[in-house]
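Just so you know, ligand 1 is whichever comes first in the structure, and atom 1 is the first atom listed for that ligand. Treat the numbers as computed from the prediction; the structure is a model and nothing was measured.
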Amino acid sequence: MNNLSPAELVLVKKACEITRDALNYCETLIKPGISTKELDKLIEKYIIDSGALPACKGYEGYPATLCTSVNEVIVHGIPSESVILKEGDIVSVDLVVNYKGYHGDATRTFPVGKISAEKQRLIDVTRECFFEGIKNLKVGHRLGELSHAIQAHAEKNGYSVVRELVGHGIGKSMHEPPNVPNFGSVTSGPIVTDNAVLAIEPMINMGRKEVWLLEDGWGVITRDGLASAHYENTVHVTKDGVEIWTL
Ligand code: MF3
Ligand code: CO
């Protein structure tokens, strides 16, 4: 697990604050009729105007600033002019910001206009999974305590946890060790060390856990076609507790 210097942590925290502010701005833009491509353009401009860079753009060839994943799309939906948000959709907006070489990563699933009670509950439970997880994230304990708490909360609510995609360490790189699964036993994973920065990101399906990869090689969708939600924050873990830096 990473152990950045105080000066480096200042930069990660700044990256996280820009990520948070950009997602809050994104929330104000989301309404029926806007395309995910328009969202992407506006958020890219916001990040550059903030003195930062969109970290996903160009990462392993990814073509955009945001991942915009609508309804049954779990993650890595590529923004497109032909994807127009409509009343009743949910859209997961995932953003990684690079500030002077350090990264912040967060995701929110937003409702578009008025959505069904079922979809709202999925969004709410996915957010709760994150908070149940970090209640169980403690220096000197197994990371599996967090993973297990997330899985238990999702399954207790009748949902399933995606297995193929996990959270991660973050700092100088977008993805660093360790993997942070949203499932597993309390005895799994490494011991959490002091001063680690982690991106915790439950991806929760309304139906079954199985996924498909879209033909664009990026988008991951539910096999059963039911909706999925995603909630992510970058956190800093110390002996004093957990600070959420993208909230
Ligand atoms: N926020 C995503 C993650 O947590 C970023 C992946 S999109 C990519 O892994 F294009 F950068 F790969
Ligand atoms: Co992430």
Non-hydrogen atoms of Glu44 and Pro54 that approach each other most closely
CG-CG, 4.2 Å

Smallest separation among heavy atoms of Asp94 and Ala106, with atom names:
OD1-O, 3.4 Å

Electrostatic pair Arg121:Glu118 at N-O distance under 4.0 angstrom
no

Closer than 2.8 Å to the Co ion (ligand 2), what protein N/O/S atoms do you find?
Asp105 OD2, His168 NE2, Glu201 OE2, Glu232 OE2

Enumerate, one pair per line, all nitrogen or oxygen atoms of ligand 1 lying under 3.5 Å from a protein nitrogen or oxygen, stating the separation to 0.1 Å; write 'none' if no such pair exists.
residue	atom	partner	partner atom	Å
ligand 1	1 (N)	Asp94	OD1	2.6
ligand 1	1 (N)	Asp94	OD2	2.8
ligand 1	1 (N)	Asp105	OD1	3.1
ligand 1	1 (N)	Asp105	OD2	3.4
ligand 1	4 (O)	Asp105	OD2	3.0
ligand 1	4 (O)	His168	NE2	3.1
ligand 1	4 (O)	Glu201	OE1	3.4
ligand 1	4 (O)	Glu201	OE2	2.9
ligand 1	9 (O)	His175	NE2	2.5

Name the orientation class of the two ring planes belonging to Tyr231 and Phe131 (parallel below 30°, tilted from 30 to 60°, perpendicular beyond 60°).
tilted

Testing Arg108, Arg20, Arg127 one by one against Asn233 for a side chain to side chain contact (heavy atoms under 4.5 Å, CB included), which residue passes?
Arg108

Quick one: do Cys129 and Ile204 satisfy side-chain contact (heavy atoms from CB on, under 4.5 Å)? Show the steps, please.
CA-CA 9 Å; Cys129 282; Ile204 306 299; 4.2 Å; yes

Polar contact flag, side-chain donor to acceptor under 3.5 angstrom, Lys57-Tyr62:
no

Quick one: closest heavy-atom pair of Gly207 and Leu226, and the distance?
CA-CD1, 3.6 Å

Answer yes or no: are there more than 12 heavy-atom neighbours, outside Lys14 itself, under 6.0 Å from its atom NZ?
no

